[in-house]
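Everything on this sheet refers to the single structure shown next.
We name chains A, B, ... by the order of the sequence lines, and we start the count at 1 in each one. Hydrogens, waters and symmetry mates are skipped; everything else that's a heavy atom, side chains included, is used.
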Amino acid sequence: MKTDTASELLQKRREKVLQLRSNQIPLYPNDFRISHSIEELQGIIADDAPGLSEDHPVFAVAGRMMAINRFGKSAFIRMRDRTGQMQAYIRKDRVGDESYELFRQLDIGDFVGVTGGMFQTRTGEWTLLARDLRLLCKSTRALPEKYHGLKDPEKRYRRRYLDLLMNPEVRDIFIKRSQIIQAIRSFLLDRDFLEVETPMMQPIPGGAEAAPFVTHHNALGMDLYLRIAPELYLKRLVVGGLERVFEINRNFRNEGISTQHNPEFTMLEFYQAYATHDDLMALTEEMVAQAAVYVTGSSVISYQGEKIDLSRPWRRISLGDALTGIGGVAPELLTDKQGLLDVAARNGIQVTKTGRLGKVITKLFDVLVEPKLIQPTFITEYPVEVSPLSRRSDTIPDVTERFELFIAGREIANGFSELNDPEDQRGRFLEQVKDREAGDEEAHLMDEEYIEALEYGMPPTAGEGVGIDRLTMLLTDTPSIREVILFPHMKPAERRKG
RNA sequence: GGGCCGUUAGCUCAACUAGGCAGAGCAACUGACUCUUAAUCAGUAGGUUGAAGGUUCGAUUCCUUCACGGCCCA
């Protein structure tokens, strides 16, 4: 519990603020203009060191003070901006008594603007020699410790700004996350895909099997659902002639939180007319490998101690073969629901009440096979009853032209040739509605307007969703989804005094 | 939902199988110091040990409940 005495540190800083204010020192000015970022200045040093002196040219640099080494009448400060770090040397005889007196009252964490020339210290480090120093923003709380930083995961997530400030590797992860998205975006734009945005609030949540979050529109007097997937809207766009579309945006699923699940997460979904699921597998191989090379420099990556080779081609196995070959299920059981239920029971796997054969198969797969798929693997031939939006296989009518991609024991992507036969789609929805009535709360809802769109005609199309958070985990070698989401979901902290 | 672990100064951690005045480093404050870079030296201050209850002469320590978090499982 923070008491008045415990916040002595805070109190000291508040006193400083009062002191500075009473001396007419602006605490939050915005009129300082920088001449260079730290990185730019370091570039100048690298290119033209002989042209630099204590007096010429004069640079103006701004940043947060991350360290101060004081020596009575002089001090070294370490400044940081978004581009890097450098040190400046503040001498009383250079900046004058008044500025030095101000500087004496500053703290680690304050933002300063330093103007001056460059010199080299005894050890050869190029240092900004302050001719003038200004306070740009007063920090009234102490930063975490300089050496050990901020480690407590709860504090890191709740105060991510401190995490980013103190832990450079965290900053790197989020820079890489941005680069991964950028790589994917340019990959798709290069292939003539159009980036679009579709509703996050939907009257009928569709496109995935998941429980939605409910919200309410006051003026319309109706409930709406945060989307669990954009799929049905993106396919309406394909009907509308936008033959190649993609969206990178948030989905919301009302389920548990774990190292693999956050209630809101980011998905890439894309649709390509006149393509099949085979085409998308090839595209995915290329897209993921390219993103990997872009952020890690190689298509062979290391994930939690495992070496993973993302170079093409990737292994492709049917769901049935995976279950028998990798999962160790006897082949004759694949069509024997009771036999599979027995296997499930033996492995302590709970199967949903409705328990259609396909559900049992995929559930067994999740437990017996998925964790073993370390190298990139496409699993194909998913049963129709667990793939209500996928096109049936022409050769095997019980399965669909669908694949899921697994890397490092996790599902990364899910794609299929789209079901564009409105009659078949209606039938599939009706089956889902039956499942829902039988107690499966994640089963799809009937969406008449979507079927109507299909009735106008959707060209043969293939579509895919890629989990951006999981892909980022893979490419940044992080074990928890919380490490790749800036503000992962947390229960509200007990608010303490102070 | 279940199991295990954690929560002590602003931050990082001690205080042990034994229940006995709650400590250190960094940060802060005072002083010295014009080439430091985890600066150094001397000194000072900082705590309702996550919350509530219980056992006990005495609880950071043992017990119960709760909150939050982490890992694993469902």
With A:F119 as partner, the option from A:F59, A:W126, A:Y89 fulfilling ring-ring contact (aromatic ring centres under 6.0 Å, His included) is A:Y89
Does the side chain of A:R80 pick up a donor-acceptor pair with the side chain of A:Q85 at under 3.5 Å? yes
Looking at B:G70, I'd like to know if its phosphate oxygens (OP1 or OP2) sit under 4.0 Å from a side-chain N or O belonging to A:R156. no
Taking A:N414 as the fixed residue, which of A:E269, A:R402, A:E464 is the one that meets the side-chain hydrogen bond (donor to acceptor under 3.5 Å, both in side chains) rule? A:R402
Pair partner, B:G53 [Watson-Crick or wobble, under 3.5 Å]: B:C63
When the C1' atoms of B:U34 and B:U8 are compared, how many Å lie between them, rounded to an integer? 41 Å
In Å, rounded to the nearest 0.5 Å, how long is the span from CG of A:L106 to CD1 of A:I90? 9.5 Å
Using distance alone, with no hydrogens and no angle criterion, decide if A:T478 and A:T476 have a side-chain donor and acceptor under 3.5 Å apart. yes
Please tell me which of the listed nucleotides, B:U34, B:C68, B:G70, lies nearest to the side chain of A:R158? B:C68
Pick the C1' atom in B:C62 and in B:U49, then give their distance to the nearest Å. 16 Å
When you measure from the side-chain N and O atoms of A:K12 to the phosphate of B:G10, is any distance below 4.0 Å, counting only OP1 and OP2? no
Is NZ or CZ of A:R70 both nearer than 6.0 Å to the six-membered ring centre of A:F103 and within 45° of the ring axis? yes
Pairwise P distance, B:C21 and B:A15 [rounded to whole Å]: 15 Å
Rounded C1' spacing from B:C71 to B:G10 in Å: 28 Å
Can you say whether a donor on the side chain of A:D152 sits under 3.5 Å from an acceptor on the base of B:U7, or the other way round? no
Please tell me which of the listed nucleotides, B:C29, B:U12, B:A27, lies nearest to the side chain of A:K151? B:U12
What are the atom names and distances for every N/O pair under 3.5 Å that joins the protein to nucleotides 72-74 of chain B?
none

Under 3.5 Å between N/O atoms: give me all the protein pairs with nucleotides 35-37 of chain B, atom names plus distance.
unit_1, atom_1, unit_2, atom_2, d
B:C35, O2', A:R122, NE, 3.0
B:C35, O2', A:R122, NH1, 3.1
B:C35, O2', A:R122, NH2, 3.2
B:C35, O2, A:R122, N, 2.5
B:U36, OP1, A:R122, NH2, 2.8
B:U36, OP2, A:R122, NH2, 2.2
B:U36, O2', A:N69, ND2, 2.6
B:U36, O2, A:N69, ND2, 3.3
B:U36, N3, A:Q87, OE1, 2.9
B:U36, N3, A:Q87, NE2, 3.1
B:U36, O4, A:Q87, NE2, 2.3
B:U37, O4', A:N69, ND2, 3.3
B:U37, O2, A:E125, OE1, 3.4
B:U37, N3, A:E125, OE1, 2.8
B:U37, O4, A:T123, OG1, 2.6

Base, sugar-phosphate alone, or nothing: which one does A:G256 contact when heavy atoms must sit under 4.0 Å apart? nothing
Which one, B:C71, B:C68, B:C26, comes nearest to the side chain of A:E145? B:C26
Hey, which of these two, A:G149 or A:K491, hits RNA chain B nearer its 5' end, going by closest nucleotide? A:G149
In whole Å, measure the gap between the P atoms of B:C4 and B:U40 for me. 44 Å
Whole-Å C1' distance, B:U37 and B:C26: 15 Å
N/O (side chain, A:K155) to phosphate O (OP1/OP2, B:C11) under 4.0 Å: yes
